There are 2 protein chains.
Amino acid sequence: MRIGELSERTGTPRRLLRYYEEQGLIVPDRCRNGYRAYDERLVDRVMQIRGLLEAGLPTRIIKQILPCLDKPRVIHFSDATPEMIATLTRERDRMTERIQCLTRNRDAVAEYLDAVVGNLRPDAAPEASPGPSYEVPANSAT
Amino acid sequence: MRIGELSERTGTPRRLLRYYEEQGLIVPDRCRNGYRAYDERLVDRVMQIRGLLEAGLPTRIIKQILPCLDKPRVIHFSDATPEMIATLTRERDRMTERIQCLTRNRDAVAEYLDAVVGNLRPDAAPEASPGPSYEVPANSAT
DNA sequence: TCGAACCCTCACATTGATGTGAAGGTCAAG
DNA sequence: CTTGACCTTCACATCAATGTGAGGGTTCGA
């Protein structure tokens, strides 16, 4: 497929697809006329890239971990230098930290929301703890 | 404490502490001489901010979710406008997506690492062995 | 043959999070 | 009083990710 279709299917601006290529994250073929030709599998890959970028990983790191994520478990020993192992280990741990931080804070936000909508919408929420120190204003329904 | 101590205790450049203040994420007092005076609790708060930034949240969003995270569960109903509820819900869901994306990819990296160090020596310095790619025979769990 | 809808490269602009440094005020110790 | 280690504000620089558009080629259907 060409860049326009990939762009639509991934919700990614063409500009960024070219940028990811420039950063070495994806490597499309070229048609005879110079147009980029993307493999079907790049749809998933692009969304994976976007997710990782969204989660704060820089392209430099994404480029390094992408080869680990291919379906047929193939170990490229040329990539398995000591530095690469160290990098991957470090990134794995950093990702774990991010996950923990995000989880903690997501749960706190969710708890807050439960408390708020529990007061505003008594039909949708299960019983929250009896209100310790927050007060319900007299607000109109919905 | 003053900015230098907070900087050291959080591993955060002074520049960034002033930046976070400019963005409304932290609000230090001021001594009579104009120096910023930080409360002890800001140590945790700054590290929380850094974690969230690291995880890809912009300061604009962090500013909005921070008030939900205070220990004594106090609902500020002035913040509980419909737009605020919508924002928090959206951000909660985005955080969940990030967590899922990070978890998937972290696990893949971890699996890859397990396979690699499972073949090399898990503890000693691995050797830089040039060579082609190998298919790793079906490996069991660690 | 023309126009619309694609594609290309190149290049500059912007945004958010940072780095860096200048010019100067405060304060404790020598 | 001076020096050094703090602090202040201001401002410009950088970096990665992204926006935007100019200038131009390709393909296809009316």
Side-chain angles (χ1 to χ4, degrees), chain A residues 1-39 42 45-66 87 91 94 97-98 101-102 105, chain B residues 1-39 42 45-66 87 91 94-95 97-98 101-102:
Chain A
M1 83 192 76
R2 284 175 307 178
I3 202 172
E5 185 181 345
L6 184 61
S7 170
E8 262 192 35
R9 289 177 60 185
T10 61
T12 307
R14 293 157 173 75
R15 170 72 175 89
L16 288 189
L17 294 175
R18 301 196 185 101
Y19 175 67
Y20 299 154
E21 176 182 352
E22 186 185 307
Q23 300 302 307
L25 302 184
I26 52 181
V27 185
D29 292 340
R30 293 289 182 145
C31 301
R32 192 163 291 105
N33 59 14
Y35 289 10
R36 288 170 178 81
Y38 296 92
D39 186 88
L42 288 183
R45 173 124 305 190
V46 166
M47 300 211 293
Q48 191 173 29
I49 290 169
R50 302 218 87 198
L52 290 171
L53 278 172
E54 183 95 346
L57 278 76
T59 55
R60 189 186 75 255
I61 298 299
I62 296 175
K63 181 180 178 181
Q64 293 184 288
I65 72 174
L66 276 182
T87 297
E91 290 306 319
R94 286 168 61 88
E97 281 167 26
R98 276 171 227 241
C101 176
L102 279 172
N105 288 285
Chain B
M1 85 193 73
R2 285 175 305 177
I3 201 171
E5 185 181 345
L6 183 62
S7 170
E8 262 192 35
R9 288 177 60 184
T10 61
T12 307
R14 291 156 174 77
R15 171 73 175 86
L16 288 189
L17 295 175
R18 301 198 183 99
Y19 175 68
Y20 299 155
E21 176 182 352
E22 186 184 307
Q23 300 302 306
L25 303 184
I26 51 181
V27 185
D29 293 339
R30 292 290 181 145
C31 301
R32 192 165 288 106
N33 59 13
Y35 290 9
R36 290 171 178 81
Y38 296 92
D39 186 88
L42 288 182
R45 173 123 307 190
V46 165
M47 300 211 293
Q48 192 173 28
I49 290 169
R50 302 218 87 199
L52 290 170
L53 278 172
E54 183 95 347
L57 278 77
T59 55
R60 188 185 76 255
I61 299 299
I62 296 175
K63 180 180 178 180
Q64 293 184 288
I65 71 173
L66 275 183
T87 297
E91 289 308 319
R94 285 168 62 87
M95 289 167 85
E97 280 167 26
R98 276 171 228 242
C101 176
L102 278 172

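Side-chain atoms are counted along with the backbone in the values below, which use heavy atoms only and exclude waters and symmetry mates. Just so we're on the same page: letters track the sequence lines, and every chain starts at 1. Here the structure is a predicted model, which is why all the values come from computation and not from measurement.
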**Request:** Report yes if a side-chain nitrogen or oxygen of A:Y19 is closer than 4.0 Å to either non-bridging phosphate oxygen (OP1 or OP2) of D:dT18; otherwise report no.
**Result:** no
**Value in whole Å for how far the P atom of C:dA5 lies from CD of A:E5** = 18 Å
**Prompt:** Please give, in whole Å, the distance from C:dG19 C1' to B:R14 CZ?
**Reply:** 14 Å
**Request:** Look at all strands and tell whether B:R30 reaches a base, only sugar-phosphate, or nothing, counting heavy atoms closer than 4.0 Å.
**Result:** sugar-phosphate
**Asked** Is a side-chain N or O of A:R45 found less than 3.5 angstrom from the main chain of A:I26, in a donor-acceptor match?
**Response** no
**Asked** So which heavy atom on A:R98 is nearest to which on A:A55, and how close?
**Response** NH1-O, 3.3 Å
**Request:** Measure the distance from CZ on A:R18 to P on C:dC12 and round it to the nearest whole Å.
**Result:** 18 Å
**Message:** On a heavy-atom basis, which atom in A:D39 and which in A:M1 lie closest, and how many Å separate them?
**Reply:** O-CE, 4.0 Å
**Request:** Would you mind reading off the distance between A:K63 atom NZ and D:dA17 atom P, rounded to a whole angstrom?
**Result:** 12 Å
**Prompt:** Side chain of A:R15, base of D:dT20: donor and acceptor closer than 3.5 Å?
**Reply:** yes
**Asked** Does any residue of residues 52-62 of chain B have a heavy atom under 4.0 Å from DNA chain D, and if so, which ones, in number order?
**Response** none
**Asked** Less than 4.0 Å between a side-chain N and a carboxylate O, is that true for B:E91 and B:R94?
**Response** yes
**Message:** A side-chain contact here means heavy atoms from C-beta on lying under 4.5 Å apart; do A:I65 and A:L57 qualify?
**Reply:** yes
**Request:** Going 5' to 3' through nucleotides 23-29 of chain D, assign each nucleotide B (protein heavy atom under 4.0 Å from a base atom), S (under 4.0 Å only from sugar-phosphate atoms) or - (no protein heavy atom that close).
**Result:** --BBS--
**Prompt:** Sub-3.5 Å donor-acceptor pair from the side chain of B:T12 to the main-chain atoms of B:S7, do we have one?
**Reply:** no
**Request:** In whole angstrom, give the distance that lies between atom CD of A:E22 and atom P of C:dC8.
**Result:** 14 Å
**Asked** How many Å lie between CG on A:L6 and P on C:dC7, as a whole number?
**Response** 10 Å
**Separation of D:dT20 C1' from A:L16 CG (nearest whole Å)** = 12 Å
**Prompt:** After noting the C-alpha distance and the side-chain angles of B:R50 and B:Y20, does the key distance pass the side chain to side chain contact (heavy atoms under 4.5 Å, CB included) rule?
**Reply:** CA-CA 10 Å; B:R50 302 218 87 199; B:Y20 299 155; 3.4 Å; yes
**Item:** Interatomic spacing from CG in A:L25 to CG in A:L17 - rounded to 0.5 Å
**Value:** 11.0 Å
**Message:** I'd like to know whether CD of B:Q23 has more than 12 heavy-atom contacts from other residues, nucleotides or ligands below 6.0 angstrom.
**Reply:** yes
